[in-house]
Amino acid sequence: MVGVPARRSLVSPARRIRSLAMGALIGLATVVVVAPLILIFAYLLREGFGAMFNLDFSRLPRGLGAVFSDANLNFFARTPAPEGEAGGGLLNAIVGSLIMLALASVLGVVVGVSGGVFLAEYPRHPLMPTIRLLSDVLAGIPAIVMGLVAYGLIVLTFGFSGLAGALALGFLMIPIVVRTTEEVLKLVPHTVREAGLALGLPQWLVILNVVLPAAASGIVTGVMLALARVAGEAAPLLFTAFGNPNVNVNPAYPMSALPLEIYRGATSAYDENQRMAKAGALLLITLILLTSLLARRLGRR
């Protein structure tokens, strides 16, 4: 039986070497980018987890019972202790962040979704270039400038308040929600709109009852990504919410937030305040990661 000659590779050895080298460079670049994020999260996990639950890992040689002997949930149930003193928690910041993010979502969702619908469904409207320009400008404005805008609109007249902080965060959410809504609506087939129009429905009713439900999951993903984007902003809150050492549920008065407490604790000269800042940063990063993962999960549906 005559042997079949071996099939020669169409890729030259030099090309394979270059391909392997470029793959190695890409992998190295990925490690360089991702490694700092992993190291930061590992540092916060090591330093902040103990402060969050009042764990003393220096007692580890005595056993896990000694480590957890003084464990408690004061971090989630108490307000900050006096400057430099041990104990206390960040209940005021957790409540304040949730309230301001909820209020900011009202502004970001209503204005952002409306702007995205306008850009996607009315491309020939005379105001379309103006709305798109405003959206692009808002996307490029720094967060601290948004804080100054809210300061001029509300704080100068009514004083510091959680409402002013929510307004600044809502301004930051708008361009993200606008762009996401526009892109998601463009993915809805035109045949869906034509079917609704063929039944004699006006365009606004087709958009409300047909197009938006078809793109609901993508819009929700954009909203959650916008929330994850603004949840860690401290600069605009310095000019607006100002902070409050007590638990405050009335947005008409100064209100604390996790980014504010993290900033103040990190710049403090006391070790206990820095420990609280690390615990707050761990909680905030965990919430942002969970929100981002949930948004990606919704986006795949």
Side-chain angles (χ1 to χ4, degrees), residues 33-58 70-101 104 142-148 150-151 155 160-162 164-166 168-169 172 227-248 253-292:
V33 172
V34 176
L37 299 177
I38 296 177
L39 292 176
I40 291 173
F41 188 75
Y43 173 78
L44 291 177
L45 188 63
R46 185 188 66 187
E47 299 292 333
F49 188 78
M52 188 179 297
F53 298 101
N54 195 30
L55 305 178
D56 188 0
F57 292 103
S58 62
D70 298 327
N72 56 64
L73 297 176
N74 290 341
F75 178 83
F76 302 96
R78 292 186 179 181
T79 55
E83 191 78 8
E85 293 189 10
L90 294 181
L91 177 61
N92 58 331
I94 296 172
V95 173
S97 288
L98 293 177
I99 292 175
M100 283 191 284
L101 287 175
I144 193 170
V145 177
M146 291 297 189
L148 291 174
Y151 178 84
V155 176
F160 295 102
S161 65
L169 298 181
L172 293 172
L227 280 173
R229 159 70 175 81
V230 304
E233 290 292 346
L237 300 182
L238 291 172
F239 299 98
T240 53
F242 191 70
N244 193 331
N246 302 313
V247 177
N248 174 34
Y253 294 96
M255 186 174 288
S256 185
L258 281 172
L260 283 177
E261 296 297 335
I262 293 170
Y263 170 76
R264 289 170 179 167
T267 55
S268 174
Y270 297 98
D271 292 338
E272 187 61 30
N273 295 96
Q274 294 180 9
R275 291 180 72 247
M276 283 289 106
K278 294 172 184 176
L282 176 61
L283 176 61
L284 184 60
I285 290 178
T286 302
L287 293 177
I288 292 174
L289 287 176
L290 291 177
T291 303
S292 301

Side chains of residues 276-283: which donor-acceptor pairs under 3.5 Å do they make with residues two or more places apart or in other chains?
from, atom 1, to, atom 2, distance (Å)
K278, NZ, Y43, OH, 3.0

State, to 0.1 Å, how close [X] and [Y] come at their nearest heavy-atom pair, and which atoms those are.
X: A164; Y: V155; answer: CB-CG2, 3.9 Å
X: A166; Y: A104; answer: O-CB, 3.5 Å
X: E272; Y: E85; answer: CG-O, 3.1 Å
X: F76; Y: L91; answer: O-CD1, 3.3 Å
X: E261; Y: S256; answer: OE2-OG, 2.8 Å
X: A71; Y: L55; answer: CB-CD2, 3.6 Å

Practice item. Test L73 against F53 for side-chain contact (heavy atoms from CB on, under 4.5 Å), laying out the working first. Key: CA-CA 6 Å; L73 297 176; F53 298 101; 3.7 Å; yes
Exercise for review: For atom OH of Y263, decide whether the heavy atoms of other residues, nucleotides or ligands shown that lie under 6.0 angstrom number more than 12.
Suggested key: no
Practice item. For atom OH of Y270, decide whether the heavy atoms of other residues, nucleotides or ligands shown that lie under 6.0 angstrom number more than 12. Key: no
Taking the side chain from [X] and the backbone from [Y], do they hold a donor-acceptor pair closer than 3.5 Å?
X: N92; Y: N244; value: yes
X: Q274; Y: S268; value: yes
X: N54; Y: D70; value: yes

Drop me the distance from [X]'s [atom1] to [Y]'s [atom2], to the nearest 0.5 angstrom.
X: L284; Y: L289; atom1: CG; atom2: CG; result: 9.5 Å
X: L39; Y: L44; atom1: CG; atom2: CG; result: 11.0 Å
X: T79; Y: N74; atom1: OG1; atom2: CG; result: 10.0 Å
X: L258; Y: L101; atom1: CG; atom2: CG; result: 9.0 Å
X: T240; Y: L148; atom1: OG1; atom2: CG; result: 10.0 Å

May I have the list of side-chain donor-acceptor pairs in residues 232-239 shorter than 3.5 Å, sequence neighbours left out?
from, atom 1, to, atom 2, distance (Å)
E233, OE2, R229, NH1, 2.4

Check your understanding: Is N273 close to R264 at the side-chain level, that is, under 4.5 Å between some pair of heavy atoms?
Key -> no
Revision key, fill the gap. Across all chains, not counting sequence neighbours, the ring-ring contact (aromatic ring centres under 6.0 Å, His included) partners of F160 are F242
